[in-house]
Amino acid sequence: MDTHDSTFPLIISVDDHTVEPAGVWQDRLPGKYRGAGPRIVRAPVKEMTFLGGRFKPVMGQPGDDGPVGDWWVYEELRRPLTRLDTAVGYGRDEIRLEVITYEQMRPGSYDVTERLADMDVNHVQSALCFPTFPRFCGQTFTEAKDHELGLLCVRAYNDWMVEEWCGPDAHGRLIPLPIVPLWDAGLAAAEVRRNAARGVRAVAFSEIPPFLGLPSIHTDGWDPFLRACDETGTVIAMHIGSSSRMPSTSADAPPAVGSTITYANCCFSMVDWLMSGKFEQFPNLKVMYAEGQIGWIPYILERADVVWEENRGWGGVADKVHRPPSELFAEHVYGCFFDDAFGLRNLDSIGVGNVLYETDYPHSDSTWPKSREVGEAQMGHLAADVVERIVRGNAIELLGLTEEGLWPGGGGGAR
């Protein structure tokens, strides 16, 4: 691996993304379900908007006029591949909301060998990857009508993730992140345990489940799932947008508004968790907020402690939150960032042990291929041992990686 002759530690990115190859479900679903399972169709776009935090594409018919792209087709869903899914390698002014085909994206988006090569260019050793078509916590299958097929799709994705994306060809450098059937906490728990049995230490979940029409974490509805995570040491990974609703202010607000406040759902979610009592009910739980950045955390911890101290009697938490929220944060919560100089200047108010680094490859916000340079510029004031913990050490401990920073279930010896 090219280390660029740098003393900056090799990066373990806890938030990258995979663009699923066209055959993920067609290759793995039972034969009778393949016709109904997710499949790729090449067709033009009829209309596509992204306003008020909501993405609304409309697929045209093959042969119609309009830009042509590859679309995932599944039940009534028509979801195109877009330039925002895989923007690395393009200039900022070239990155627009437009449909694309697989041939028009960087191969590292979907090909393991090419991904490892792009990680080498970016000083990245290992990476945890969130989904694209299933969306960030698998809500595509939760929203589907046929949950029998949806469960098969969830399991097929996870098998592909573990056996192929993070399989022997990845040499332990790609870290698996399964999804679960969110519509049934018991089935979700079973899927956590199934994957934990093969060495998986993380699972994707929604930052704000009620936005998906699901129970909040203030109920006992998620307890089977949380118990499974607690008992198996499985980290709950929540990505911005995993509630299918990006923060915005109005139906006509341009995407720049939401892009500026992407951290907001993470902020709301973290307060939910700190005031839920779940960290005391399940003391081994760990949660992480991918792409949420970290600069906002100190004030929220300060405010949460004041509310707990002064208002817990009437605030509905006195009987379940018995310690200051900041103490619970220190033991259970991890903030993830790729570009947050302000947060790094206030690291003492967050906690060196509660911060993880990411590169967001291949999205439009990604710091690829300059993640090392960004990190060096923003962490230059920090001691070497602190940089080591942020860039890789905390991730190694949290995700159960080897001392070399590799996933032990992926044939992670030589590379």
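In terms of heavy atoms, His332 sits closest to Pro283 at CE1-O, 3.0 Å. When every heavy atom of Thr402 is checked against every heavy atom of Pro408, the shortest pair comes out as CG2-CB, 4.0 Å.
Not less than 6.0 angstrom separates the ring centroid of Trp273 from the ring centroid of Phe329. Tyr157 has its ring centre no less than 6.0 Å from the ring centre of Phe141.
Residues Leu128 and Met288 are in side-chain contact: their nearest non-hydrogen atoms beyond the backbone lie under 4.5 Å apart. A 4.5 Å side-chain heavy-atom check between Ser13 and Tyr361 finds every atom pair outside the cut-off. In this structure, Cys137 and Met238 have side chains that are not in contact, with every pair of non-hydrogen atoms separated by 4.5 Å or more. Looking at heavy atoms from C-beta onward, Val355 lies in side-chain contact with Leu347 at the 4.5 angstrom threshold. Contact of the Pro9 side chain with the Val387 side chain is registered, since non-hydrogen atoms from C-beta on lie closer than 4.5 Å. Using a 4.5 Å heavy-atom threshold, the side chains of His17 and Asp85 count as separate. Counting heavy atoms from C-beta outward, Leu187 and Leu151 have side chains that approach closer than 4.5 Å. Here the side chains of Thr234 and Arg201 are not in contact, with every heavy-atom distance at 4.5 Å or above.
Expressed to the nearest 0.5 Å, how far CG of Asn158 lies from CG of Leu177 amounts to 9.0 Å. Rounding to the nearest 0.5 Å places OG of Ser206 at 12.5 Å from NE2 of His239. Between atom CZ of residue Phe338 and atom CD of residue Glu358 there is a gap of 6.0 Å, rounded to the nearest 0.5 Å.
Ion pairing between a basic and an acidic side chain is recognised when a charged N comes within 4.0 Å of a carboxylate O; Asp27 and Arg34 show no such pairing. Under the 4.0 Å criterion applied to side-chain N and carboxylate O atoms, Glu143 and Arg135 are assigned as salt-bridge partners. Salt bridge status for Arg173 with Asp120: present, with a side-chain N to carboxylate O gap under 4.0 Å. Here Lys286 does not pair with Asp230 in a salt bridge; the nearest charged N to carboxylate O distance is not below 4.0 Å. Ion pair Arg389/Glu397 not flagged as a salt bridge, since none of the NZ, NE, NH1 or NH2 atoms sits closer than 4.0 Å to an Asp/Glu carboxylate oxygen. With respect to Glu163 and Arg198, a salt bridge is recorded, a charged nitrogen being found less than 4.0 Å from a carboxylate O. Salt bridge Glu164/Arg28: present, at least one basic N to carboxylate O contact under 4.0 Å. A salt bridge links Glu191 with Arg155: the closest approach of a Lys/Arg side-chain nitrogen to an acidic carboxylate oxygen falls below 4.0 angstrom. A salt bridge between Arg194 and Asp159 is present, with a side-chain N of the basic residue lying under 4.0 Å from a carboxylate O of the acidic one. Electrostatic pairing of Glu94 and Arg83 does not count as a salt bridge here, judged by no charged N lying under 4.0 Å from a carboxylate O.
With sequence neighbours left out, the ring-ring contact (aromatic ring centres under 6.0 Å, His included) criterion links Tyr102 to Tyr110. The salt bridge (charged side-chain N to carboxylate O under 4.0 Å, His left out) test applied to Asp16 returns no partner, not counting sequence neighbours.
Taking the six-membered ring for Trp and thresholds of 30 and 60 degrees, Phe136 and Phe130 have ring planes more than 60 degrees apart, a perpendicular arrangement.
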Could you walk me through whether Asp70 and Thr101 pass side chain to side chain donor-acceptor pair (under 3.5 Å), step by step? CA-CA 5 Å; Asp70 285 333; Thr101 65; 4.7 Å; no
Full working for side chain to side chain donor-acceptor pair (under 3.5 Å) between Ser371 and Thr359: CA-CA 6 Å; Ser371 300; Thr359 77; 4.6 Å; no
Give the intermediate values and the outcome of ring-ring contact (aromatic ring centres under 6.0 Å, His included) for residues Tyr289 and Tyr263. CA-CA 9 Å; Tyr289 287 100; Tyr263 73 91; over 10 Å; no
Check against side-chain contact (heavy atoms from CB on, under 4.5 Å), Val203 and Val180: CA-CA 8 Å; Val203 63; Val180 293; 3.5 Å; yes
In sequence, state the C-alpha distance, the side-chain angles, and the governing distance for Trp25 and Tyr33, and then conclude on side-chain contact (heavy atoms from CB on, under 4.5 Å). CA-CA 9 Å; Trp25 290 276; Tyr33 287 105; over 6 Å; no
Would you please test Ile40 and Val73 for side-chain contact (heavy atoms from CB on, under 4.5 Å) and show each step? CA-CA 6 Å; Ile40 286 288; Val73 174; over 6 Å; no
Checking Tyr334 against Asn394 for the side chain to side chain donor-acceptor pair (under 3.5 Å) test, could you report, in this order, the C-alpha distance in whole Å, the side-chain angles of both residues, the deciding distance, and whether it holds? CA-CA 9 Å; Tyr334 294 78; Asn394 290 337; over 6 Å; no
I would like to know whether Arg323 and Glu331 meet salt bridge (Lys or Arg N to Asp or Glu O under 4.0 Å); could you show each step before the answer? CA-CA 12 Å; Arg323 297 165 58 199; Glu331 295 177 8; 2.6 Å; yes
Apply the test side chain to side chain donor-acceptor pair (under 3.5 Å) to residues Gln378 and Asp339: give CA-CA distance (whole Å), side-chain angles for both, the deciding distance (0.1 Å), then the verdict. CA-CA 8 Å; Gln378 295 189 352; Asp339 187 2; 2.5 Å; yes
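Under a cutoff of 6.0 Å and an axis angle of 45°, Arg392 and Tyr357 do not form a cation-pi pair.
Pairs of residues two or more places apart, or lying in two chains, that qualify as ring-ring contact (aromatic ring centres under 6.0 Å, His included) and include a residue from residues 174-203 are His147-Trp183.
In the displayed structure, Asp348 atom CG is contacted under 6.0 Å by at most 12 heavy atoms of other residues, nucleotides or ligands.
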